[in-house]
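See below for the structure under consideration.
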Protein chains: 2
Amino acid sequence: MTKNTQVIDFSMRKQPVQQRSKALVAALLDATARLLVTIGYIAITTNKVAEKAGVGIGSLYEYFPNKESLVAALIERNSMEIVKKIQLGMEQALQKPHEDALRFWLEKMVNALDERRDEVRVVIFEVPFLRQMPLLETMPKTLMNVAFSAHKRANDRVQFTYPKAAVYHLTSMVSAAIINMVVHPPQHIPRKILLDELTELILRAMEGASLGNPGIS
Amino acid sequence: MTKNTQVIDFSMRKQPVQQRSKALVAALLDATARLLVTIGYIAITTNKVAEKAGVGIGSLYEYFPNKESLVAALIERNSMEIVKKIQLGMEQALQKPHEDALRFWLEKMVNALDERRDEVRVVIFEVPFLRQMPLLETMPKTLMNVAFSAHKRANDRVQFTYPKAAVYHLTSMVSAAIINMVVHPPQHIPRKILLDELTELILRAMEGASLGNPGIS
DNA sequence: TCATAACCCGAGTAATTATTCGGATATACT
DNA sequence: AGTATATCCGAATAATTACTCGGGTTATGA
């Protein structure tokens, strides 16, 4: 009845306009990223970030009201880059013949995430307010819309009993599989095989019939 | 080079032996659970937990060295209950005819998680050290072993190009799908349909051929 | 070149949260 | 009944972390 899950202030206090201040903010975000992967989210403090960035603590508070906004800004900056790459990969994939498209796109996504492996891991598993961020809240819905329209386009090939439910599950399953194979890869299984098998699983789930094995053996 | 991702002390300081102290510890864990779902993990403090439990702060520190150990103990206690139910469901499922077993087991798991919906959500998405807990670290591996031996038993029906990779992916995908449909269910889709479609997707992924539609329409 | 605005800073303080410790009470045991 | 042990407690203190504020520096642009 009292105050529930308090709302967090993610917004920056002001935007940097000159070059030096932009560089300062960038330095802060870079330091945040490095600290995230080295000491983990819990141990991060505003003072440590400022020190690591070689910046006065006062300067930090010129732009960020707290630790959360700092991490949030970093996530926004870097996940945007990843999202762009994934969208680009999608566009390229759509140019390919249908039986190669999925595998191609999966690989693009995995590679995009893999470039920031550690960061992705910490952000996904340690940042407690991730789901409260506007960006991350809408992301699954966007993904689902993309998946759903893709499904409609492929309507002649793919038929589900309950299309919306199928798209919903496929979205969460594919996201999970990809993130998992990047941040918690199994021992002794080459990535190529993981990608081949994942492609096969998804294609079978979607079409009910294998497209054949693109790999060896 | 300095100290990395600090190791967290999860262990209790001492075990309660008398009834009253056991009740006290239980009260602390219950209070922790209630606070987790009402104010979220970040906002929890040892003092708030003690107060909510109607217990002196000193008593709390008799048994728990810090906030993390408190939450960890709660997770251990409650996830054990869930795991038991899931294992029971698995045993029951294995009694069923093959084409009903999966659907049955999925439903059991979903129901087990759903009883503690909010708790599960907060624990999975807000507890930053979840992956550092011994229990949660081994859980995916256990799940994979179960899945793998189940696969071997069904060897005549299910064939994968790369069995280990397939089991690895299926494990992460099914876990994700189940957790997701409990903590972030889509609007306007009844649970029955979600379960039907998920069953169908997984069966197709595993067998390459639909077992037919168990639902209506 | 001078005024104005943007920027940078860190010692010092406020606010929060963690944690102890000595003393009081309850239970177990002989 | 008496002693040892387990338990409970919370005011007081320590430790951590957040955050401000006044004063100095650098860019802008009229």
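Because only heavy atoms are used, hydrogens play no part in the values below, and waters and symmetry mates are left out as well, while side chains stay in. Within every chain, numbering begins at 1; the chains are lettered A, B, ... in the order of the sequence lines, protein sequences first and strands thereafter. Note that the coordinates shown come from a computational prediction; the quantities given were computed from them, not determined experimentally.
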- Message: What is the separation between atom CD1 on A:I39 and atom C1' on D:dT17, rounded to the nearest whole Å?
- Response: 13 Å
- Message: If I take atom CG in residue A:L60 and atom C1' in nucleotide C:dC8, what distance separates them, rounded to the nearest angstrom?
- Response: 12 Å
- Quick one: B:K22 NZ to C:dT27 C1', roughly how many Å, whole number? 14 Å
- Task: May I have the distance from A:L28 (atom CG) to C:dC9 (atom C1'), rounded to whole angstrom?
- Result: 13 Å
- Message: Distance check needed: D:dC8 C1' versus B:F64 CZ, whole Å only.
- Response: 15 Å
- Under a 4.5 Å cut-off applied to non-hydrogen side-chain atoms, are A:L106 and A:I202 in contact? yes
- Ignoring backbone atoms, test whether B:S59 places a side-chain nitrogen or oxygen under 4.0 Å from the OP1 or OP2 oxygen of D:dC9. yes
- Note on the structure: Comparing nearest nucleotides in DNA chain C, the 5'-proximal residue of the pair B:T45, A:S21 is A:S21
- For atom OH of A:Y61 and atom C1' of D:dG22, their distance in whole Å: 18 Å
- Task: Return the nearest nucleotide to the side chain of A:Q19; candidates are C:dC8, D:dT28, C:dA28.
- Result: D:dT28
- Note on the structure: Judged by nearest nucleotide, the residue sitting upstream toward the 5' end of DNA chain D, B:E62 or A:E62, is B:E62
- Salt-bridged, A:K85 to A:E115, with N to O below 4.0 Å? yes
- Message: Using side-chain contact (heavy atoms from CB on, under 4.5 Å), reason through B:M181 and A:H169 one step at a time and then give a plain yes or no.
- Response: CA-CA 8 Å; B:M181 72 178 274; A:H169 284 312; 3.9 Å; yes
- Given that A:K67 and B:I57 both sit by DNA chain D, which one's nearest nucleotide is further toward the 5' end? B:I57
- Query: With sugar-phosphate meaning primed atoms plus P, OP1 and OP2, does B:K14 contact a base, only sugar-phosphate, or nothing at under 4.0 Å between heavy atoms?
  - Reply: sugar-phosphate
- Query: For the side chain of B:R13 and the backbone of B:Y61, is there at least one donor-acceptor N/O pair under 3.5 Å apart?
  - Reply: yes
- Message: Surrounding CD of A:E68 (heavy atoms of other residues, nucleotides or ligands, distance under 6.0 Å), is the total greater than 12?
- Response: yes
- Message: Nearest to the side chain of B:T46, heavy atoms from C-beta on, is which of C:dA28, C:dA6, C:dA18?
- Response: C:dA18
- Note on the structure: To the nearest angstrom, the CZ-C1' distance between B:R20 and D:dT7 comes to 4 Å
- Would you kindly give the CG-to-C1' distance between A:L24 and D:dT26, to the nearest whole Å? 13 Å
- Message: Please determine whether a side-chain nitrogen or oxygen atom of A:R13 lies at a distance below 4.0 Å from atom OP1 or OP2 of C:dC7.
- Response: no
